[in-house]
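Position 1 is the first residue of the sequence; numbering continues from there. Because the structure is a prediction, the values reported are computed rather than measured.
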Amino acid sequence: MTERPSRRGFAARPADPESWIKAPDAPTRGADTSLNTARLTIDVTPDMRGRIKIAAFRRGMTVADMLRDLLAREFPADAGEPS
């Protein structure tokens with residue numbers, strides 16, 4: 001009988017959310033580290049996920065690119081704010 005690996009800690013909540021938010025993400029294996037990006041995970045309903053994917057397909061874009069454009073429009077960088 002093969003033992004399944006433990007997934008404990010995979011989605012554990014951080015003890016100190018403030019330092020967790022400000023901490024840099026660990027680079028993904030094989031990722032291009034020259035890009036200055038951070039991963040953001042949100043929960044959406046399966047129906048909304050489908051609508052988002054269809055909208056991106058109709059626009060000839062990836063979901064990630066479409067959502068980055070949307071977030072950039074909604075939250076523009078202010079010259080006086082640190083990024």
Side-chain angles (χ1 to χ4, degrees):
M1 193 144 118
T2 307
E3 186 176 319
R4 290 176 35 170
S6 172
R7 295 183 98 177
R8 187 175 33 176
F10 173 74
R13 295 190 186 271
D16 179 17
E18 245 346 272
S19 64
W20 175 71
I21 290 169
K22 293 177 183 175
D25 290 338
T28 306
R29 238 184 299 159
D32 182 2
T33 56
S34 66
L35 297 174
N36 187 17
T37 62
R39 184 166 303 270
L40 176 65
T41 303
I42 62 167
D43 293 324
V44 295
T45 63
D47 183 57
M48 177 165 290
R49 179 177 179 262
R51 292 194 316 262
I52 291 168
K53 289 179 76 170
I54 290 168
F57 178 79
R58 287 182 177 159
R59 296 173 189 185
M61 306 175 78
T62 65
V63 170
D65 286 340
M66 184 182 74
L67 293 176
R68 276 192 285 270
D69 289 348
L70 176 129
L71 292 169
R73 281 193 313 272
E74 288 296 315
F75 305 101
D78 290 340
E81 280 188 29
S83 46

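- Not counting sequence neighbours, the partners of Thr45 by the side-chain contact (heavy atoms from CB on, under 4.5 Å) test are Asp47, Met48.
- With contacts defined as side-chain heavy-atom distances shorter than 4.5 Å, the pair Leu70/Met66 does not qualify.
- Judged as a salt bridge (Lys or Arg N to Asp or Glu O under 4.0 Å), and not counting sequence neighbours, Arg49 has no contacts.
- Put simply, Met61 and Ile52 are part of the same group of oily side chains (I, L, V, M, F, W, Y) that touch within less than 4.5 Å, one to the next.
- Here Asp43 pairs with nothing under the side-chain hydrogen bond (donor to acceptor under 3.5 Å, both in side chains) rule; sequence neighbours left out.
- Taking CD of Glu74 as the reference point, atom CG of Leu71 lies at 8.0 Å (rounded to 0.5 Å).
- Applying the side chain to side chain donor-acceptor pair (under 3.5 Å) test to residues at least two apart or on different chains, the pairs with a partner in residues 57-66 are Thr62-Asp65, Asp65-Arg68.
- Cluster membership check: Val44 does not share its hydrophobic cluster with Phe57, using side-chain heavy-atom separations under 4.5 Å among Ile, Leu, Val, Met, Phe, Trp and Tyr.
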